[in-house]
Amino acid sequence: MIVAANWKMNPSFDAAGRLVAGLDACSFQPVKRILFLPHPYLVPLSVRLGQSEIRLGGQDCHQDAAGAHTGDVSAAMLRDCGASIVLLGHSERRANHGETSELVAAKARQALAHGLDVMICLGETLGEREAGKAEQVVIDQLRISVPDDTPHDRLMIAYEPVWAIGTGEVASLDDIVAMHNAIASELPKSQEGVAAAKVPVVYGGSVNAENAAAIFALDNVYGGLVGGASLDAEAFGSICDSARTQMSKS
Ligand code: PGA
């Protein structure tokens with residue numbers, strides 16, 4: 001089970017220091033915790049965390065190794081600044097920065113080549129779900145966004161219905177299971193010879209302390225990608241605790 005925090009463009013640097021101190025004060029082993037931080041926070045917070053079990057990640061990287069790309073960061077920069085993983089293809093990147101699945105795959109290749117693991121986000125919009133196209137959209141994103149030769153032990157997938165992100169509206173448990181099963185059955189095809197169970201697929205979209213236990217109990221759900229609730233140490237701790245409880249049952 002993995003519980004990943006997506007801080008997005010939050011919080012203030014002072015608040016980030018307090019948050020990370022609170023998170024590091026507790027252990028939720030064997031649950032794996034990842035914090036996807038705003039890039040300027042990587043160095044100071046990785047220094048502060050030292051040998052902590054908490055992994056740090058970037059929220060995006062460029063598809064090129066280096067060059068004239070004002071405002072962008074490279075995979076190597078993230079790695080050298082304390083990240084061991086990068087979040088790619090988040091719906092806010094796809095919507096606000098026009099990122100296509102082809103671009104996400106190019107970024108993933110770059111990240112993998114520079115020693116970063118990748119968490120690739122997939123998800124349909126409300127219009128696509130209402131048109132009955134949710135599964136087709138997500139599976140197409142999966143096929144294109146994940147490079148064919150991605151080592152299975154360096155890949156994580158986050159299924160995040162766009163309409164559930166930051167809205168307080170969670171996908172129904174039936175819909176989550178159906179999509180996670182569809183992704184799991186597609187993974188061997190997009191990744192030659194790789195067993196689906198080896199690639200963790202986490203759910204994201206309004207995960208909080210109240211709903212995490214029910215979501216984590218579902219088949220083929222290997223944890224969560226948490227936005228808003230990850231900015232509250234107590235709520236995030238409670239979500240991690242739900243993941244740990246689920247692991248002790250299975
Ligand atoms: P949310 O965000 O938990 O605030 O819905 C999830 C995400 O965007 O990764």
Side-chain angles (χ1 to χ4, degrees), residues 1-12 15-16 19 23 31-39 41 54-61 78 83 85-99 101 104 107-108 111 117-126 128-129 134 137-138 141-142 145-146 155-173 175-176 179-180 183 200-216 218 221-243:
M1 283 265 173
I2 297 151
V3 182
N6 178 10
W7 286 6
K8 312 190 182 192
M9 204 167 70
N10 299 296
S12 71
L19 184 52
L23 298 178
V31 174
K32 295 186 175 125
R33 288 179 295 169
I34 304 169
L35 307 182
F36 291 109
L37 304 180
H39 297 157
Y41 295 178
I54 298 175
R55 284 179 81 178
L56 298 183
Q59 297 177 5
D60 178 47
C61 70
L78 293 179
I85 180 166
V86 63
L87 188 66
L88 293 174
H90 188 279
S91 65
E92 286 150 18
R93 302 283 323 166
R94 291 179 189 261
N96 303 341
H97 298 267
E99 292 194 4
S101 292
V104 173
K107 290 179 176 212
D117 294 349
V118 292
M119 181 181 281
I120 295 180
C121 303
L122 316 170
E124 81 286 356
T125 62
L126 188 57
E128 288 162 344
R129 175 156 289 275
V137 165
V138 168
Q141 288 176 344
L142 174 67
S145 306
V146 179
L155 171 66
M156 299 169 201
I157 301 288
Y159 166 56
E160 297 200 301
V162 177
W163 47 274
I165 294 177
T167 57
E169 209 177 317
V170 186
S172 74
L173 299 181
D175 286 345
I176 297 174
M179 192 63 83
H180 279 244
I183 294 169
V201 184
V202 303
Y203 171 82
S206 297
V207 174
N208 60 34
E210 285 72 47
N211 60 28
I215 295 170
F216 295 167
L218 299 172
V221 175
Y222 291 90
L225 177 58
V226 187
S230 74
L231 297 169
D232 175 332
E234 208 177 310
F236 192 67
S238 161
I239 294 167
C240 293
D241 197 41
S242 296

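In this chain, numbering begins with 1 at the start of the sequence shown. For ligands, and for the atoms within them, numbers begin at 1 and follow the listed sequence.
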Expected output: side-chain [X] to main-chain [Y] donor-acceptor under 3.5 Å:
| X | Y | result |
| --- | --- | --- |
| Q141 | G123 | yes |
| K107 | C61 | yes |
| N211 | S206 | yes |
| R33 | V3 | no |

Task: Contact check, S206 vs ligand 1, heavy-atom distance below 4.0 Å - done: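 True for this residue.
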TODO: State if G166 counts as touching ligand 1 under the rule of any non-hydrogen atom under 4.0 Å.
DONE: yes
- [ ] Have a look at ligand 1 and work out which part of N6, if any, has a heavy atom under 4.0 Å from it: side chain, backbone, both or neither.
- [x] side chain
TODO: Quick one: look at A164 and ligand 1, take heavy-atom pairs under 4.0 Å, and tell me if it's side chain, backbone, both or neither.
DONE: backbone
Task: Candidate list D60, I165, V162, test side chain to side chain contact (heavy atoms under 4.5 Å, CB included), partner E92, passing option - done: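 For E92, the side chain to side chain contact (heavy atoms under 4.5 Å, CB included) check succeeds only for I165.
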- [ ] Can you spot which of V202, V146, L225, V138 makes a side chain to side chain contact (heavy atoms under 4.5 Å, CB included) with I157?
- [x] V146
- [ ] For atom 3 (O) of ligand 1, find the nearest protein heavy atom and state the residue, atom name and distance (0.1 Å precision).
- [x]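 Residue, atom and distance for the closest contact: G227 N, 2.8 Å.
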Task: Any N or O of T167 closer than 3.5 Å to N or O of ligand 1 - done: no
Task: Heavy-atom closest contact (P161 atom, Y203 atom, distance) - done: CD-CE1, 3.5 Å
Pull out every atom of ligand 1 sitting under 4.0 Å from any heavy atom of [X], numbered as shown with elements.
| X | value |
| --- | --- |
| K8 | 2 (O), 7 (C), 8 (O) |
| H90 | 7 (C), 8 (O), 9 (O) |
| G205 | 5 (O) |
| E160 | 6 (C), 7 (C), 8 (O), 9 (O) |
| G228 | 1 (P), 3 (O), 4 (O) |

- [ ] Flag the pair L56 / Y41 as yes when at least one side-chain heavy-atom distance between them is below 4.5 Å, and no otherwise.
- [x] no
